[in-house]
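Report on the structure given below.
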Amino acid sequence: MTNTPTSPPHQPIAFVGGGNMASAIIGGLLRQGLPAASIEVVEPFDEARARLLSAFGIAAQPQAGAALARAQLVVWAVKPQTFKDAALQARAHTAQALHLSVAAGIRSDSIAQWLGTERIVRSMPNTPALVGKGITALFPRAAVTAADRVLAEQVIATTGEHFWVAQEKDLDAVTALSGSGPAYVFFFLEAMTAAGIEMGLTREQAYKLSVATFAGAAELAHASDDPPQVLRQRVTSKGGTTYAAITAMEEDRVQAHFIRALHAARARATELGDEFGA
Ligand SMILES: NC(=O)c1ccc[n+]([C@@H]2O[C@H](COP(=O)([O-])OP(=O)(O)OC[C@H]3O[C@@H](n4cnc5c(N)ncnc54)[C@H](OP(=O)(O)O)[C@@H]3O)[C@@H](O)[C@H]2O)c1
């Protein structure tokens with residue numbers, strides 16, 4: 001796991017798709033000192049272009065054009081459903097570039113076919129990238145050079161931690177864990193907040209306690225050499241309050257259901273590749 005390299009790239013970078021994930025990465029690049037003039041964005045949706053202008057001072061183009069040709073790296077941040085169309089519209093202008101996809105499910109074989117190049121890195125970031133706390137897994141196609149890897153890492157490192165996986169199929173598991181993962185945390189935050197309100201706390205109190213507990217427990221796990229079972233046992237004395245809660249969750253098989261949910265996410269990632277791939 002690494003946060004290096006910390007310096008941003010110097011080369012012009014293009015984004016195809018200017019939504020949530022593109023904005024998270026663009027925000028990271030600008031925070032690290034890349035000038036806005038070095039970033040091109042293709043984004044057909046008027047409102048998204050207006051957001052990019054007000055948030056970052058970047059005037060996005062409504063469609064792919066010759067401006068893309070100066071980019072040394074093209075980041076693909078479109079939905080899996082629109083990747084093929086976007087790729088076919090842009091390919092005439094991007095032959096010289098390294099390509100970095102953040103799209104869920106879409107396999108690099110499909111991307112290579114649509115773009116007519118082998119220089120592709122597939123990746124799976126997550127939305128804490130918005131606050132520089134993301135985690136991204138990356139996979140390089142065989143033609144990706146060491147210099148290409150450094151360029152991809154320079155971009156992704158501005159959004160948080162990253163590591164490389166050896167097999168492309170592992171990215172579907174990464175998607176299920178960390179790509180979709182922030183939503184699971186928000187789901188539990190909703191449940192803890194609702195429970196707090198049911199027990200008489202105000203919404204503000206319940207939410208503050210829930211968020212601080214997630215953040216604090218995650219920080220503790222990060223800092224500790226002990227596995228989560230041990231950390232959990234330390235807050236669970238027999239016959240105590242945590243014991244009552246964990247026993248109720250075990251009776252309801254919450255852990256098994258949660259694991260099943262992640263398998264569903266991974267299956268959907270694989271399906272997206274079949275459904276919207278080449
Ligand atoms: N959000 C996450 O948590 C997350 C995490 C990891 C990976 N990802 C991946 O990141 C990718 C983007 O997700 P997102 O959440 O950023 O989606 P998003 O906010 O909907 O952004 C995608 C943008 O691409 C635009 N677009 C559509 N067709 C285009 C084209 N032909 N050329 C250029 N732009 C086009 C869309 O415009 P329209 O609205 O007009 O279609 C939209 O604004 C997805 O593949 C997703 O799997 C997302």
Side-chain angles (χ1 to χ4, degrees), residues 13-28 39-56 58-65 67-68 71 74-94 97 99-108 110-111 114-115 120-131 133-139 152 155-156 159-162 165 170-187 262 265-277:
I13 296 176
F15 288 79
V16 180
N20 295 313
M21 196 38 75
S23 297
I25 299 172
I26 290 170
I39 300 176
E40 291 290 336
V41 183
V42 179
E43 168 56 62
F45 185 41
D46 293 348
E47 272 180 38
R49 284 203 306 283
R51 269 199 303 274
L52 290 165
L53 191 59
S54 70
F56 305 123
I58 292 175
Q61 303 301 314
Q63 62 197 31
L68 282 182
V74 179
V75 180
W76 293 87
V78 287
K79 294 280 185 201
Q81 296 81 324
T82 49
F83 203 137
K84 182 178 183 182
D85 283 349
L88 298 182
Q89 287 158 20
R91 69 174 274 166
H93 311 290
T94 62
H99 296 270
L100 173 64
S101 167
V102 302
I106 301 298
R107 292 188 270 278
S108 69
S110 299
I111 303 171
W114 297 332
L115 292 176
I120 296 162
V121 173
R122 236 189 101 187
S123 71
M124 181 45 55
N126 65 3
T127 52
L130 277 167
V131 290
K133 296 273 184 186
I135 181 148
T136 300
L138 301 134
F139 170 81
V155 170
I156 287 301
T159 66
E161 295 182 275
H162 66 274
V165 292
D170 289 345
L171 285 182
D172 288 347
V174 172
T175 305
L177 257 80
S178 55
S180 300
Y184 316 150
V185 174
F186 302 138
F187 185 82
L262 268 70
R266 188 189 54 179
R268 183 59 188 146
T270 307
E271 227 173 66
L272 284 171
D274 295 338
E275 206 173 326
F276 301 111

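Note that ligands are numbered from 1 as they come in the structure, with each ligand's atoms numbered from 1 the same way.
- In this model, no donor atom of one side chain and acceptor atom of the other lie less than 3.5 Å apart for S178 and N126.
- Classified by interplanar angle (parallel below 30°, tilted 30° to 60°, perpendicular above 60°), the ring pair W76/F83 is parallel.
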For ligand 1, find each of its N or O atoms that sits under 3.5 Å from a protein N or O atom, and tabulate the pairs with distances to one decimal place.
| unit_1 | atom_1 | unit_2 | atom_2 | d |
| --- | --- | --- | --- | --- |
| ligand 1 | 16 (O) | N20 | N | 3.2 |
| ligand 1 | 16 (O) | M21 | N | 2.8 |
| ligand 1 | 17 (O) | K79 | NZ | 3.3 |
| ligand 1 | 19 (O) | N20 | N | 2.9 |
| ligand 1 | 19 (O) | N20 | ND2 | 3.2 |
| ligand 1 | 31 (N) | Q89 | OE1 | 3.3 |
| ligand 1 | 34 (N) | G17 | N | 3.4 |
| ligand 1 | 37 (O) | E43 | OE2 | 3.0 |
| ligand 1 | 43 (O) | E43 | OE1 | 2.7 |
| ligand 1 | 43 (O) | E43 | OE2 | 3.0 |
| ligand 1 | 45 (O) | V78 | O | 2.6 |
| ligand 1 | 47 (O) | A104 | N | 2.9 |

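- Pairs passing the salt bridge (Lys or Arg N to Asp or Glu O under 4.0 Å) check and including a residue from residues 75-88, sequence neighbours excluded, do not occur.
- For the pair R266 and D170, the salt-bridge criterion is not met [side-chain N within less than 4.0 Å of a carboxylate O].
- Taking every heavy atom of both residues into account, G105 and D172 meet most closely at CA-OD1, 4.1 Å.
- Of all the heavy atoms in A67 and E40, the pair that sits closest is CB-OE1, 3.7 Å.
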